[in-house]
Structure formats: C-alpha cells, structure tokens
Amino acid sequence: MVKIVFKGVTKSFVRGKSVVEAVKDADLEIGSGEFFGILGPSGSGKTTTLRLIAGLEEPTKGEIYFDDKLVSANGRVLVPAEQRNIGLVFQTWALYPHMTAYDNIAFPLRVKKLPADEIDQRVQEVSETLDIKDVLEKYPREISGGQQQRVALARGLVKNPSLLLLDEPFSNLDALMRDAARALVREVQKKLGITTVVVSHDPADMFSLVEKAAVIVNGKFKQVDYLNRVYETPADSRVASLLGEINLFGGKVADGRFIGDAFQLDLGSKVRGKVMLGIRPEDVRVQEGKGLLSLGQFSVVLSSYQGGAFRITASKGRETLVFISDVPYKVGQTLDLYVVRGRMKLFDEAGEFLETV
Ligand code: ADP
Ligand code: MG
C-alpha cells in the first residue's frame with residue numbers, strides 16, 4: 001500500500017480574469033494503509049485534492065509523492081493517472097445500466113486490455129470479497145440498492161489498487177442505505193488494508209469511518225489530526241462548526257468571567273478581552289447538578305424530533321441556543337438551563353481557538 005505526501009501543493013484555476021486557488025499551500029501526509037478523511041464545505045477544494053492525488057490535475061506549485069517517488073511537481077504530472085494504480089468511487093455509485101454486474105466490474109480491466117482469463121479471475125476474487133457472486137449475471141435494475149453499491153465498490157477495487165479514493169460516496173443515499181454503505185466501505189477497507197481517502201462535507205461520514213482527518217476551508221487545510229482531537233480542540237470556530245453544531249455567543253472575558261448579552265458565566269479563565277464562547281448542544285442541561293454552570297432562564301421557541309431525541313431551540317433576549325433533550329418541551333415554556341463545565345470552547349474575536357473552559 002502506498003503513502004501519499006503533499007509538500008506545499010497549490011492548485012489554481014484561471015477563470016476569465018480571476019484566479020481561483022482551489023488548494024493553497026497544502027502539506028499532507030497520508031500513511032500507508034491508513035483510512036484518511038477530508039472534511040470541508042462545498043467548494044472548499046476536496047475534489048481538487050483527490051484529482052491531484054489521482055494525477056488528473058497537475059499542481060500549480062509544490063510536490064506530490066507516492067512513497068518516495070515524486071509523481072507530480074510544479075505544473076507537471078510525472079506519473080500519469082493510469083499508472084498510479086488507483087480505485088475511484090464517486091458520489092453516484094453509478095453502474096452502466098445496459099451491462100451485467102459482471103461486465104460492470106470487468107470494465108476497468110477490459111479498458112486495460114487484460115486477457116479474459118485474468119479478468120475473470122480478478123472479477124471472481126473481488127466478488128468473493130464483496131459477497132456478490134450470485135448477482136454477477138444480473139443487470140443493475142434487477143438487484144437491490146445495497147448490492148448495486150457492492151458492485152460499484154467491486155468495480156473500484158478490481159484493479160487491485162494500492163489506493164482507493166472516495167468522493168462524497170454517501171451523499172446521494174437515503175439514511176438507511178448510507179449506514180449500510182458506510183459499514184461496507186469500513187469493512188472492506190479493514191479487510192484489504194488499502195490506503196483510502198474519503199472526502200465529504202458530512203462530519204457523520206468522518207466519525208463513522210476514519211480516525212484521522214484533515215479539515216479544509218477555502219482551499220486551506222486548517223487542521224490535520226485525530227478526529228476526536230479536532231473535535232476537542234478545533235483550530236477555530238469554523239472548524240468547530242464543521243464537525244458538528246455549536247452555539248456561538250459573542251462577549252468578553254473580564255476577571256475570569258464571560259460576559260455576554262444573555263448570560264454571564266464564572267469560567268475562571270485567564271483570557272481577557274473580546275471572545276466567542278462555543279457551547280455544543282449535547283452539553284446543555286435542564287436540571288441543576290454537579291459541574292454545571294447556570295445560563296439562566298430561556299424560553300422555548302422550537303422543539304423538533306430527530307432520531308430518538310428532541311432538538312430544542314430556546315432564546316433569551318437576542319440570543320438563541322440549540323440543545324438536545326430526551327423529552328419534548330412546549331413552545332413558550334420557560335426553562336432554567338445549565339451548561340457542563342469543562343466542555344465549552346473559547347475563541348478570540350477572529351474565531352481562533354483559545355481554550356476549553
Ligand atoms: P469541493 O469538492 O470541496 O466542493 P472543488 O475542489 O470541486 O470543491 O472546487 C474548489 C474550487 O475550485 C471551487 O471554487 C471551484 O469552483 C473551483 N474549481 C474546481 N475545478 C475547477 C476547474 N476545472 N476550473 C475552474 N475552477 C475550478
Ligand atoms: Mg467535490
């Protein structure tokens with residue numbers, strides 16, 4: 001399996017008179033056999049990063065290595081895409097409808113003009129791995145959605161790639177299918193130990209699949225670390241909100257105390273001056289208790305149901321707070337709210353992370 005290294009990689013596109021820097025001065029290292037995630041909003045440069053790895057784009061500046069081999073550098077692709085031994089799976093998992101599952105899987109090998117018996121052996125092997133031997137003679141419309149995904153993944157793996165690239169592979173699937181597909185990809189990656197990069201805008205994809213992830217915003221890799229560390233100590237408030245919902249309150253800290261529009265909290269912080277305080281929905285409580293700080297009285301403005309819990313929006317003055325509750329509340333109901341100490345994030349005025357409080 002292959003290790004991938006980016007050194008100072010920039011990719012710019014010229015569009016009319018303007019230049020878009022899709023990837024800016026990226027330094028990345030993706031270990032051999034690692035399952036690596038790239039999380040970023042739409043248009044942040046995720047697909048461009050994958051295309052750079054695949055050799056489908058050349059970096060405007062910088063170098064890309066596969067192990068110790070330089071594969072792209074300063075405006076040039078040195079090892080072309082077809083020699084990089086990469087499996088690609090895109091958003092749609094689209095199969096050719098007029099081909100059987102077998103022919104779909106065999107397609108990349110037929111393009112390479114491999115001998116028929118070699119093709120057959122590989123198709124059988126990969127179908128064994130993905131448990132789809134009994135659907136090989138069927139057409140895509142004759143098999144279930146889950147089987148179609150397995151066939152699409154088999155097609156991505158049939159060349160025995162040393163690298164698998166997945167571009168938003170779950171975003172077009174409904175919730176049940178998405179979980180099945182995540183489980184499948186995770187299992188196959190583990191089984192084959194193949195270096196894999198998945199990109200997505202959805203933090204749930206990251207949490208269900210990878211240990212380590214890079215967060216990209218506007219072409220810039222903001223943070224590369226273990227996912228739990230990014231969650232606990234996000235580089236800034238934008239990264240924090242990409243990993244999951246977070247309530248942000250503007251205010252200042254004076255004498256260790258957070259002073260906001262709607263509430264004040266005794267944080268014991270050494271920080272001074274203007275700040276933003278971040279509170280995750282799961283860290284809010286409706287009952288007084290040990291290790292909690294009071295946020296005061298909020299009024300419920302919305303209560304919605306999601307996946308076995310209630311998502312409550314409550315307000316106090318001009319501030320709004322979202323939290324998760326096991327039980328529903330009525331709109332207009334007044335609640336005394338509390339927050340778990342040691343779970344809140346302090347950011348400076350520009351959004352840079354300061355400390356956990
Ligand atoms: P993502 O996959 O995160 O949504 P992309 O990598 O597709 O983002 O795009 C990043 C930025 O680069 C966007 O502003 C996009 O419009 C621009 N871009 C991507 N490909 C091209 C291209 N071939 N020509 C011009 N601009 C491009
Ligand atoms: Mg994309």
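Both counts, for ligands and for their atoms, begin at 1 and track the order of listing.
- Within the listing of ligand 1, atoms 5 (P), 6 (O), 9 (O), 19 (C) sit less than 4.0 angstrom from a heavy atom of T48.
- Classification of E58 and K11 as a salt-bridged pair holds, one side-chain N sitting under 4.0 Å from a carboxylate O.
- Nearest to atom 13 (C) of ligand 1 by heavy-atom distance, out of G45, G43, S12, G40, is G43.
- Separation of the F258 and F249 ring centroids does not fall under the 6.0 Å cut-off.
- With ligand atoms numbered from 1 in the order given, ligand 1 contributes 10 (C), 11 (C), 12 (O) to contacts under 4.0 Å with heavy atoms of A22.
- Heavy-atom contacts of S42 reach the following atoms of ligand 1: 4 (O) (cutoff under 4.0 Å).
- At the top of the distance list for atom 7 (O) of ligand 1, counting protein heavy atoms only, stands T47 CB, 3.7 Å.
- In this structure, R122 contributes its side chain and V158 its backbone to a donor-acceptor pair below 3.5 Å.
- By the 4.0 Å N-to-carboxylate-O rule, D131 lies too far from R150 to be salt-bridged with it.
- Ranking the protein heavy atoms by distance from atom 16 (O) of ligand 1 puts R15 NH1, 3.3 Å first.
- Residue contacts with ligand 1, taken as heavy atom pairs separated by less than 4.0 Å, do not involve H201 at all.
- Within the 6.0 Å centre-distance limit, the rings of Y96 and F107 are counted as a close aromatic pair.
- Atom numbering of ligand 1 starts at 1 in the shown order; those under 4.0 Å from a heavy atom of V20 are 12 (O), 14 (O).
- At least one N, O or S atom of T47 sits under 2.8 Å from the Mg ion (ligand 2).
- Tested against V339, the residues L265, N247, L292 include a single side chain to side chain contact (heavy atoms under 4.5 Å, CB included) partner, L265.
- Nearest protein heavy-atom contact of atom 23 (N) of ligand 1 is F13 CE2, 3.5 Å.
- Only one option out of E34, Q189, R186 pairs with T196 in a side chain to side chain contact (heavy atoms under 4.5 Å, CB included); it is Q189.
- Counting atoms of ligand 1 from 1 in the listed order, those under 4.0 Å from a heavy atom of P41 are 3 (O).
- Using a cutoff of 4.0 Å between basic side-chain nitrogens and carboxylate oxygens, K46 and E168 are scored as salt-bridged.
- Taking distance alone, with nitrogen or oxygen atoms compared against 3.5 Å, S44 approaches ligand 1 more closely than that limit.
- For a threshold of 3.5 Å applied to N or O pairs, the pair formed by E57 and ligand 1 contains no separation below that value.
- Grouping the Ile, Leu, Val, Met, Phe, Trp and Tyr side chains by contacts below 4.5 angstrom, directly or via other members, places V357 apart from I246.
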